[in-house]
Student: 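Quick one: this structure, given as structure tokens, is what I'll be asking you about.
Convention: sequence-line order gives letters A, B, ...; per-chain numbering from 1. All of these numbers come straight from a predicted model, not from anything done at the bench.
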Protein chains: 2
Amino acid sequence: MDIEQTKIPQATAKRLPLYYRFLNNLHSQGKMRVSSKELSDAVKVDSATIRRDFSYFGALGKKGYGYNVEYLLSFFRKTLDQDETTRVALIGVGNLGTAFLNYNFTKNNNTKIEMAFDANTDRVGNEVGGVNVYHIDDLEEKLGDLSVAILTVPASAAQGIADRLVEAGISGILNFTPARISVPSQVRVHHIDLAIELQALVYFLKHYPLNEEAPMDEQ
Amino acid sequence: MDIEQTKIPQATAKRLPLYYRFLNNLHSQGKMRVSSKELSDAVKVDSATIRRDFSYFGALGKKGYGYNVEYLLSFFRKTLDQDETTRVALIGVGNLGTAFLNYNFTKNNNTKIEMAFDANTDRVGNEVGGVNVYHIDDLEEKLGDLSVAILTVPASAAQGIADRLVEAGISGILNFTPARISVPSQVRVHHIDLAIELQALVYFLKHYPLNEEAPMDEQ
DNA sequence: TGGACTATGTGAAAACTTTAACGACTTCCG
DNA sequence: CGGAAGTCGTTAAAGTTTTCACATAGTCCA
């Protein structure tokens, strides 16, 4: 399962879902082939980078032709483990949490939010975006073998909940709170901090040239 | 204004808001000094990286002592242009948009959402998180000299709105839609794609070692 | 079928980022 | 006051990512 794949650079791995989604679009539009140049225009990643990224998986294209959409897609589906849906829990059904619950992840991603938790009893028992909301007190009881959690609680609650999630056996946390949580080294945390993203954008605008050569930044 | 600053690496620039926020916390806790090691533990960035980051701005610390919180903070305030509030518009008052409007950016960030727009007449005329919601048809009329926009509309509307924003003179867009929008080169776009973040996390969990040596990845 | 065209895959270089290591200077305790 | 401990700022090395540039091999039209 992990043969070869460990060698794929992180930067590449982060772009895979992007490629995957765009290929999906092409496929549903009935497009049969695509070149690295076309992909580049669509996802705003240099075409050489795309070719390099793909090449980590072997020779997926054909010279003078490009890539076969169907083939590439089925290859990526396997690689991204799209066949096996990853079950996810969401903690904190505020505005941001609700946005997530209403986002149809399963459509393209084979990632499904299975359950949600909240401390507010008004929200408990409801169904949001087709997902049941349980009380946070029942976290350990309900969580089962879910391995990924999305954390959309207030910052002050983040570390406490994270500790409980770790204790309950979670292995990945997508942390949307400004708190930088501490977890054992075998648990992976990705931070997405909305305020920082906004501030960083503003900083770049003020301090980096706005012209032709403005450094690209995606992600 | 731009003297020297242009040389600061992008990777460093992205961490500045993080440092800034933590220093703010320290300051309000009455802490007078802090070392790169303490900062490192808190924000989960290697201490050598922190010292290197700071050093781009000159010698801000003192050997054998660390950094003076107040001084560092006032320095960053200037550097991050915290003194001058950046005025922002938000387009699309759905769940995600609402989450933003309720997030008190101004508190730490001197970034303020001044107005919001939506196509849904039920939302127009309301006030969300203290921000007036206008109809999207009035975008050009109301926008004034705002230079940054947060895009939280459905993906299908993203490019059209982006075109209008560019036309209206916006210079930076924080794009939360899955659509990769095209803009002239003098406009800066940062993409934040929730589905991709989740998928990337799942990919890393499955393909990268979960032990001591798991590659760190923040933001 | 032949030849112009197209677009991949990759070696090599460049660019960027992180990390290790340590000299130099401060602090602080006894 | 003197020496141990602490911590910065930075040089140099290692690691990662992007980009260039082109040989190679397949396409496709006449």
Student: Could you check whether the rings of A:Phe76 and A:Phe57 sit parallel, tilted or perpendicular, using 30° and 60° as the cut-offs?
Tutor: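 The arrangement is tilted - the two ring planes meet at 30° to 60°.
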Student: May I ask you to verify whether the side chain of B:Arg52 and the base of C:dT17 hold a donor-acceptor pair under 3.5 Å?
Tutor: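 No, no donor-acceptor pair under 3.5 Å.
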Student: Using the ring of each side chain (for Trp, its six-membered ring), is B:Tyr67 parallel, tilted or perpendicular to B:Phe54, with breaks at 30° and 60°?
Tutor: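 If you compare the ring of B:Tyr67 with that of B:Phe54, the planes turn out perpendicular.
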Student: How long is the gap from CD1 on B:Ile196 to CZ on A:Arg21, to the nearest 0.5 Å?
Tutor: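 So the gap between those two atoms works out to 4.0 Å.
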Student: Whole angstroms only, please: what is the OH-P distance between B:Tyr65 and D:dC8?
Tutor: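 Rounded to the whole Å, the gap is 11 Å.
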Student: Mind calculating the distance between CG (B:Asp53) and C1' (D:dT7) to the nearest angstrom?
Tutor: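 From B:Asp53 CG to D:dT7 C1': 17 Å.
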Student: Can you measure A:Gln10 atom CD to D:dT18 atom P for me and round it to whole angstrom units?
Tutor: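 Rounding to the nearest Å, CD of A:Gln10 and P of D:dT18 are 11 Å apart.
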Student: Among the candidates D:dG9, D:dT19, C:dT19, find the nucleotide nearest to the side-chain atoms of B:Arg51.
Tutor: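 Selected nucleotide (nearest to the side chain): D:dG9.
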Student: Can you figure out which of D:dG26, C:dT18, D:dC28 approaches the side chain of B:Arg15 most closely?
Tutor: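 Of the options given, the side chain of B:Arg15 lies nearest C:dT18.
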Student: Rounded to whole angstrom units, what separation is found between the NZ atom of A:Lys63 and the P atom of C:dT8?
Tutor: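 Going from A:Lys63 (NZ) to C:dT8 (P), I get 10 Å.
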Student: Write down the distance between NZ (B:Lys14) and P (C:dT17), rounded to a whole number of angstrom.
Tutor: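 Taking NZ of B:Lys14 and P of C:dT17, I get 9 Å after rounding.
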Student: Taking B:Asn175 for the side chain and B:Ala179 for the main chain, is one N or O donor matched with an acceptor at less than 3.5 Å?
Tutor: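 A pair under 3.5 Å: yes.
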Student: On the nucleotide D:dA25, are OP1 or OP2 found under 4.0 Å from the side-chain N or O atoms that A:Lys62 carries?
Tutor: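 Answer is no, no contact under 4.0 Å.
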Student: On DNA chain C, nearest-nucleotide positions of B:Asp46 versus A:Val34: which is more 5'?
Tutor: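 Whichever sits nearer the 5' end wins; that is A:Val34.
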Student: Please report, rounded to the nearest Å, how far the C1' atom of C:dT8 is from the CG atom of A:Leu72.
Tutor: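 One finds 13 Å between C1' of C:dT8 and CG of A:Leu72, rounded.
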Student: In terms of the nearest nucleotide of DNA chain D, which residue is placed more toward the 5' end: A:Ala11 or A:Ala48?
Tutor: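 The residue whose closest nucleotide sits nearer the 5' end is A:Ala11.
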Student: May I ask you to verify if any side-chain N or O of A:Tyr67 is less than 4.0 angstrom from the OP1 or OP2 atom of C:dG9?
Tutor: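 For A:Tyr67, the contact criterion (side-chain N or O under 4.0 Å from OP1 or OP2 of C:dG9) is met.
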Student: To the nearest Å, how far apart are B:Ile50 CD1 and D:dT7 P?
Tutor: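 Computing the B:Ile50:CD1 to D:dT7:P distance gives 13 Å.
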Student: Taking only side-chain N and O atoms of B:Thr49, does any of them lie within less than 4.0 angstrom of OP1 or OP2 on C:dT19?
Tutor: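 Yes, within the criterion.
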Student: Round to a whole Å and report the spacing from CZ of B:Phe57 to P of D:dC8.
Tutor: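 In whole Å, D:dC8 P lies 17 Å from B:Phe57 CZ.
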